[in-house]
Amino acid sequence: MIKQKSKEIAWSLLPIALLVSLIQLFFPSGEVAQYLRFLAGLLFVFIGLLLFLIGVDNGLTPAGEAFGQAVARSNRVWVVVLFGLLLGFLISFAEPSVTILALQVQQMTGGSIATFTMLFYVSIGVGVFVMIGLIRILYNIPLWILLLSSYVLIFILCLFVDDGLVAIAFDASGATTGILSVPFILSLSGGITSLKKKSKSAEKDSFGMIALASAGAIIGVLILAITSPFIFVEVVQETISPTSNFFVLMLGQIPSLLLESFLSILPLLLLFLLLQFFILHFRSKTLRKILFGFGFAWMGLTLFLNGVQAGFMSIGLTIGTILLGYPLIFLYIVSFLLGFMSIIAEPAVYVLTQKVEKVTSGYVNKRLVLHALAIGVGFSLVLNALRILLPGNVLSSILFIGYLLA
């Protein structure tokens with residue numbers, strides 16, 4: 001299993017490493033130390049993802065399925081409501097992608113939106129909509145009704161919110177589809193649908209929860225914007241630390257990240273232990289395996305976040321700045337390739353596509369879904385580059401047209 005996962009992660013990260021290396025070669029920035037930090041960050045991300053995915057398979061996924069089955073067996077609406085809200089909140093709060101976004105938002109807005117505030121509102125939104133998703137599965141409510149209602153509400157709320165915060169809100173929806181949320185939410189919904197008698201209905205209901213959770217994240221940030229009128233979005237340029245000590249730059253954040261990662265996963269672990277004591281009663285061997293899984297997830301999350309913060313973020317800023325000095329066609333090409341490769345390299349997408357292929361008994365090929373997603377995201381980044389360079393703010397119009405077509 002470790003060998004297979006290592007191979008998958010290596011092949012996933014290789015395209016991004018090659019692309020950044022080619023950009024460094026043909027569009028030199030003179031920042032050799034920054035490129036070396038990127039390579040070191042790549043190693044941290046590789047090891048972190050490997051440990052984290054082992055933890056997901058052995059700890060978080062079995063826990064998610066157990067949570068889902070425990071909720072379904074209760075057959076009580078208040079239990080569904082409580083656990084849906086609680087699990088959605090905790091899993092979003094522990095999601096690395098949401099943490100990275102919250103850190104970026106705080107940094108790029110000069111602290112106008114604090115990391116914890118962003119995490120809290122996104123997680124509340126996700127929790128409410130996971131709760132709604134569980135109720136939908138139990139009572140066979142059509143998914144399209146909930147999605148249509150959610151996005152009508154979203155675009156009404158957008159009318160009362162600054163365009164900068166609208167952009168952050170929709171970015172939050174993407175951040176909730178990360179390496180922790182996707183497998184956990186899929187296993188949670190799978191745990192409930194596995195107890196349904198109608199197999200066709202159960203198969204269809206295995207999906208849709210992530211879409212609802214993403215809508216909840218958008219609504220959470222929009223409500224934050226409306227209820228906090230003094231929040232502003234004024235982009236503050238990131239400054240690269242002049243520190244020349246390579247080891248300080250690469251390792252200095254690990255102690256604080258160990259604590260942050262532990263605090264992110266701890267509520268989920270405590271909830272699992274509580275359910276284990278009162279409801280689940282796993283055998284000692286299974287319990288040890290799940291607890292070791294949580295431990296691997298903790299260490300993996302720490303190394304993953306360290307690699308992203310110490311190696312990836314600064315070189316991404318530099319690439320974006322450098323490309324503006326060349327003909328725009330290069331910016332559009334790189335934007336498409338980065339979007340395409342980021343999806344090819346995204347573990348959460350692999351989890352989703354494998355689930356699709358499994359549930360449809362191979363009728364829907366996972367590679368077909370993967371490439372369709374990658375092409376779509378590649379073109380969306382080209383569109384994003386275009387809208388940033390256009391005068392005025394056209395984001396709301398693009399979003400409205402896109403979701404209307406969807």
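In what follows, every heavy atom counts, from backbone to side chain, and hydrogens, waters and symmetry copies are set aside.
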Leu143 side chain near Phe207 side chain, heavy-atom distance below 4.5 Å: no
Would you say the side chain of Thr302 lies within less than 4.5 Å of the side chain of Leu51, judging by non-hydrogen atoms? no
Hey, mind stepping through Thr99 and Glu260 against side-chain hydrogen bond (donor to acceptor under 3.5 Å, both in side chains) and telling me if it holds? CA-CA 10 Å; Thr99 303; Glu260 287 179 20; over 6 Å; no
Which heavy atom of Ala297 sits nearest to which heavy atom of Phe52, and what is that distance? O-CD1, 3.3 Å
So do the side chains of Ser396 and Phe155 get within less than 4.5 Å of each other, counting heavy atoms only? no
Listed partners of Ser256 passing side chain to side chain contact (heavy atoms under 4.5 Å, CB included), at least two apart: Gln253
Rounded to the nearest 0.5 Å, how far does CG of Leu280 lie from CG of Leu287? 9.5 Å
Output for pair (Leu269 CG, Ser264 OG), nearest 0.5 Å, gives 12.5 Å
Hey, does the side chain of Asn306 reach the backbone of Met250 with a donor-acceptor pair shorter than 3.5 angstrom? yes
Using the rule given for side chain to side chain contact (heavy atoms under 4.5 Å, CB included), can you reason through Leu271 versus Leu87, listing the C-alpha separation, both sets of side-chain angles and the distance that settles it, and then say yes or no? CA-CA 9 Å; Leu271 180 61; Leu87 289 173; 3.2 Å; yes
Do Val105 and Asp171 come close enough that some side-chain heavy atom pair is under 4.5 Å? no
Looking at every non-hydrogen atom in both residues, tell me the closest pair between Glu95 and Ala175 and how far apart they are. CG-O, 3.6 Å
Do any N or O atoms from the side chain of Ser181 and from the backbone of Thr176 form a donor-acceptor pair under 3.5 angstrom? yes
Between Met209 and Ile137, does a side chain to side chain contact (heavy atoms under 4.5 Å, CB included) hold up when you go through it step by step? CA-CA 9 Å; Met209 184 86 79; Ile137 293 173; 3.9 Å; yes
How about CZ on Phe296, more than 12 heavy atoms from neighbouring residues, nucleotides or ligands closer than 6.0 Å, or not? no
On a heavy-atom basis, which atom in Leu134 and which in Gly84 lie closest, and how many Å separate them? CD1-CA, 3.5 Å
Mind listing the closest non-hydrogen atom pair of Leu305 and Pro96 along with its distance? CD2-O, 4.1 Å
Kindly say whether the aromatic ring centers of Phe304 and Phe44 come within a distance under 6.0 Å. no
Looking at Thr177, Ile219, Leu147, Val126, which hits side chain to side chain contact (heavy atoms under 4.5 Å, CB included) with Ser214? Thr177
Answer whether the closest heavy-atom distance between the side chains of Leu273 and Leu291 falls below 4.5 Å. yes
Between the main-chain N or O of Leu258 and the side-chain N or O of Trp298, is there a donor-acceptor pair closer than 3.5 Å? yes
Between the main-chain N or O of Phe282 and the side-chain N or O of Gln276, is there a donor-acceptor pair closer than 3.5 Å? yes
Has the side chain of Thr117 got a donor or acceptor atom that lies under 3.5 Å from a matching backbone atom of Ile113? no
When rounded to the nearest 0.5 angstrom, what distance separates CD1 in Ile23 from CD1 in Ile315? 8.5 Å
From CG (Asn140) to CD1 (Ile135), nearest 0.5 Å: 13.0 Å
Could you tell me which non-hydrogen atom of Ile54 sits nearest to which non-hydrogen atom of Lys5, and how far apart they are? CG1-CD, 4.3 Å
With a 3.5 Å distance limit and no angle check, can you tell me whether Ser123 reaches the backbone of Phe93 through a side-chain donor-acceptor pair? yes
Would you call Tyr151 and Ile218 a side-chain contact if the rule is heavy atoms closer than 4.5 Å? yes
Please tell me if the side chains of Leu85 and Val128 come closer than 4.5 Å, counting only heavy atoms from C-beta onward. yes
Exceeds 12 heavy-atom contacts within 6.0 angstrom, atom CD1 of Ile2: no
Acceptor/donor pairs from residues 331-343 side chains to any protein atom, 3.5 angstrom cut, sequence neighbours excluded:
residue	atom	partner	partner atom	Å
Ser335	OG	Leu331	O	2.7
Ser342	OG	Leu338	O	3.2
Ser342	OG	Gly339	O	2.8

Give a yes or no on whether Phe400 atom CZ has more than 12 heavy-atom contacts from other residues, nucleotides or ligands under 6.0 Å away. no
Going from CD1 on Ile265 to CZ on Phe294, what distance comes out if it is rounded to the nearest 0.5 angstrom? 7.5 Å
Atom pair CD1/CE of Ile47 and Met299 - distance to nearest 0.5 Å: 10.5 Å
Side-chain contact test, heavy atoms from C-beta onward, threshold under 4.5 Å: evaluate it for Leu257 versus Leu301 and give yes or no. no
Step by step, work out the side chain to side chain contact (heavy atoms under 4.5 Å, CB included) result for Glu8 and Gln4. CA-CA 6 Å; Glu8 288 178 1; Gln4 178 64 27; 3.2 Å; yes
Would you say the ring centers of Phe170 and Tyr403 fall short of 6.0 Å from each other? yes
Ser149 versus Ile145, closest heavy-atom pair with distance: OG-O, 2.7 Å
For Leu368 and Val364, what are the C-alpha separation, side-chain angles and deciding distance, and is it a side chain to side chain contact (heavy atoms under 4.5 Å, CB included)? CA-CA 8 Å; Leu368 183 65; Val364 179; 5.7 Å; no
Can you confirm whether or not the ring centre of Phe27 sits under 6.0 Å from the ring centre of Phe330? yes
Tell me every residue that passes salt bridge (Lys or Arg N to Asp or Glu O under 4.0 Å) with Lys289, counting only those two or more places apart in sequence or in another chain. none
